[in-house]
Amino acid sequence: MAKKEVTVEQKLRALYDLQLIDSRVDEIRNVRGELPLEVEDLEDEVAGLNKRLEKLNNDLETIAEGISSKKNLIEEAKALIKKYGEQQKNVRNNREYNSLSKEVEFQELEIQLAEKHIKEHKAQIIQKNEIIDQTKGKLGERNSHLSHKKGELDAILAETEKEEQALISKSEDYQKEIEDRLISAYKRIRSNVKNGLAVVPIERGASGGSFFTIPPQVQMEIASRKKIITDEHSGRILVDQELAKEEKEKMNALFAKL
C-alpha cells in the first residue's frame, strides 16, 4: 500500500522517533549484555561435563569387566595346572612329563600376565575415579554458576521482555509510515555504525557523536527542515536540536506508558 504524502519535517520526525524507539530496544538488549551467551556457553559446558562423566563411568564398567575376565582366566589356569599336575603322576615317559610341564609353565605365565593386567586395571580405576571426582566437582560449580546466571537472565527478561516486544511492535508501526527508500537508508546506516544511531541531532555545531563541525549554512538548512541532509563524514541523517528535543519528550511519554 502506498505511503501517504507527508512533508520533509514529518519524515524527519518519524525517522527520529523510529531511532529513539530502536535505541531504547538497544538499551534493553545491552542490559542483558552477554548474559544469554554466557548461559548458552555454561549449558554447553555442563552438557559436555555430563557426557564426560557418562564416558568415564562406561570406562569403569569396561575395566571392571576386564578384571572379571582376567580373574576367570586365572581360575581356569589354576584348574588346568591342577589337572596337569595330576596327569604328571601317571605319565609313562619323560616326553609326556616334559610336555605337561610346559603346559603348567604356560598356565603359570598366563596367571602372571592376568595378575599384571588386573593390577593395571585397578590403577586405571583409581585414576578414573580421581578424574570422576574432579569432574563432579567442576560440574557442581558450573551447575551452580549456570543456575545463578539463569536467575539473572530470567529476572532481566521478566522486567524488560514486555517493554521490548511493545517497542518492536511500535518500531514496525512507525516503519509503515515512512517511505521504503528512507527505511532502507536508515537500516543501512544503522547497521554500519557501532552504536546503531542512524538519525542524530546537531550538538555544539557537530553531528551527535562526531567531532567534525558542520558549516553554519548546512546547520541552517537542517534547521529549516526542508530536505533530508546526511553528515558527510558518518553518513548519518541529521536533525536540528529543537526537533530532537520535542520528539524525545513525546517518545519519553510513550515509553513511560509501556
Side-chain angles (χ1 to χ4, degrees), residues 25-26 28-162 164-165 168:
V25 173
D26 291 343
I28 289 171
R29 289 174 177 170
N30 286 336
V31 169
R32 290 201 295 268
E34 298 296 318
L35 264 178
L37 288 175
E38 285 183 49
V39 168
E40 188 178 335
D41 288 345
L42 282 167
E43 286 175 336
D44 289 343
E45 190 174 359
V46 165
L49 289 169
N50 278 319
K51 192 172 182 180
R52 188 182 186 193
L53 274 177
E54 184 182 350
K55 184 181 182 303
L56 286 165
N57 284 318
N58 288 337
D59 289 347
L60 281 180
E61 289 180 13
T62 302
I63 293 169
E65 288 171 4
I67 289 175
S68 179
S69 174
K70 295 301 177 185
K71 284 182 176 180
N72 289 336
L73 189 150
I74 289 172
E75 291 306 313
E76 290 171 5
K78 285 180 177 179
L80 286 172
I81 289 172
K82 185 177 180 181
K83 175 186 171 183
Y84 296 143
E86 292 297 325
Q87 288 177 356
Q88 280 180 325
K89 295 175 183 178
N90 302 311
V91 294
R92 291 169 295 185
N93 53 57
N94 287 338
R95 186 172 62 81
E96 289 182 11
Y97 186 89
N98 290 336
S99 176
L100 288 169
S101 294
K102 286 181 180 178
E103 289 294 338
V104 169
E105 185 180 343
F106 176 76
Q107 294 305 322
E108 287 174 344
L109 288 172
E110 285 285 278
I111 290 171
Q112 290 176 18
L113 185 59
E115 287 175 340
K116 180 185 176 185
H117 286 157
I118 288 172
K119 188 176 179 181
E120 289 172 351
H121 287 330
K122 286 182 176 178
Q124 288 173 354
I125 287 174
I126 292 171
Q127 184 184 36
K128 294 284 182 187
N129 280 324
E130 287 176 355
I131 296 171
I132 285 172
D133 287 341
Q134 291 170 6
T135 304
K136 282 181 177 177
K138 190 173 183 181
L139 180 60
E141 291 175 5
R142 291 297 181 269
N143 269 322
S144 177
H145 194 39
L146 174 59
S147 179
H148 176 69
K149 288 295 180 181
K150 273 187 172 178
E152 283 185 17
L153 182 58
D154 289 344
I156 292 171
L157 287 173
E159 291 176 9
T160 61
E161 193 168 22
K162 184 180 176 183
E164 182 182 357
Q165 292 306 313
I168 290 171

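What you see below is based on every heavy atom in this structure, not just the backbone, and it leaves out hydrogens, waters and symmetry mates. In this text the structure is predicted, and so the values were computed from the model without any measurement.
Among residues at least two apart or in separate chains, there is no salt bridge (charged side-chain N to carboxylate O under 4.0 Å, His left out) pair with a member in residues 110-127. Annotation: salt bridge (charged side-chain N to carboxylate O under 4.0 Å, His left out) contacts involving residues 87-105, sequence neighbours excluded, comprise Glu86-Lys89, Arg92-Glu96. Counting only residues at least two apart or on different chains, the side chain to side chain donor-acceptor pair (under 3.5 Å) pairs with a member in residues 55-64 are Lys55-Asp59, Asp59-Lys128.
Between Ser68 atom OG and Lys71 atom NZ the span is 7.5 Å, to the nearest 0.5 Å. Between atom CD of residue Gln107 and atom NZ of residue Lys83 there is a gap of 10.0 Å, rounded to the nearest 0.5 Å. A distance of 8.5 Å separates NZ of Lys70 from CD1 of Ile118, quoted to the nearest 0.5 Å. Glu45 contributes atom CD, which lies 10.0 Å from atom CG of Asn143 (distance to the nearest 0.5 angstrom). To the nearest 0.5 angstrom, Leu80 atom CG is 12.0 Å from Lys82 atom NZ. In this structure, Glu159 CD and Ile28 CD1 are separated by 11.0 Å, a value rounded to the nearest 0.5 Å.
The shortest side-chain heavy-atom distance between Arg32 and Leu157 falls under the 4.5 Å cut-off. At a threshold of 4.5 Å between non-hydrogen side-chain atoms, the residues Asn50 and Val46 count as touching. In this structure the side chain of Glu108 reaches within 4.5 angstrom of the side chain of Val104, judged on heavy atoms. Counting heavy atoms from C-beta outward, Asn129 and Ile132 have side chains that approach closer than 4.5 Å. Contact check for Leu113 versus Leu109: no side-chain heavy atoms found under the 4.5 Å cut-off.
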ask   = Would Val91 and Gln87 satisfy side chain to side chain contact (heavy atoms under 4.5 Å, CB included), going step by step from the backbone distance to the final call?
value = CA-CA 7 Å; Val91 294; Gln87 288 177 356; 5.6 Å; no
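Closest approach of Val39 to Leu146, counting heavy atoms only: O-CD1, 3.7 Å. Taking all atoms of both residues into account, the shortest heavy-atom contact from Ile67 to Ile125 is CD1-CD1, 3.6 Å. Looking at every heavy atom in both residues, Leu139 comes nearest to Leu53 through CD2-CD1, 3.6 Å.
For the pair Ser101 (side chain) and Tyr97 (backbone), a donor-acceptor distance under 3.5 Å is present.
His148 and His145 have parallel rings, their planes meeting at less than 30° on a 0 to 90° scale where 60° marks the start of perpendicular.
Atom NZ of Lys149 has more than 12 heavy atoms from other residues, nucleotides or ligands within 6.0 Å.
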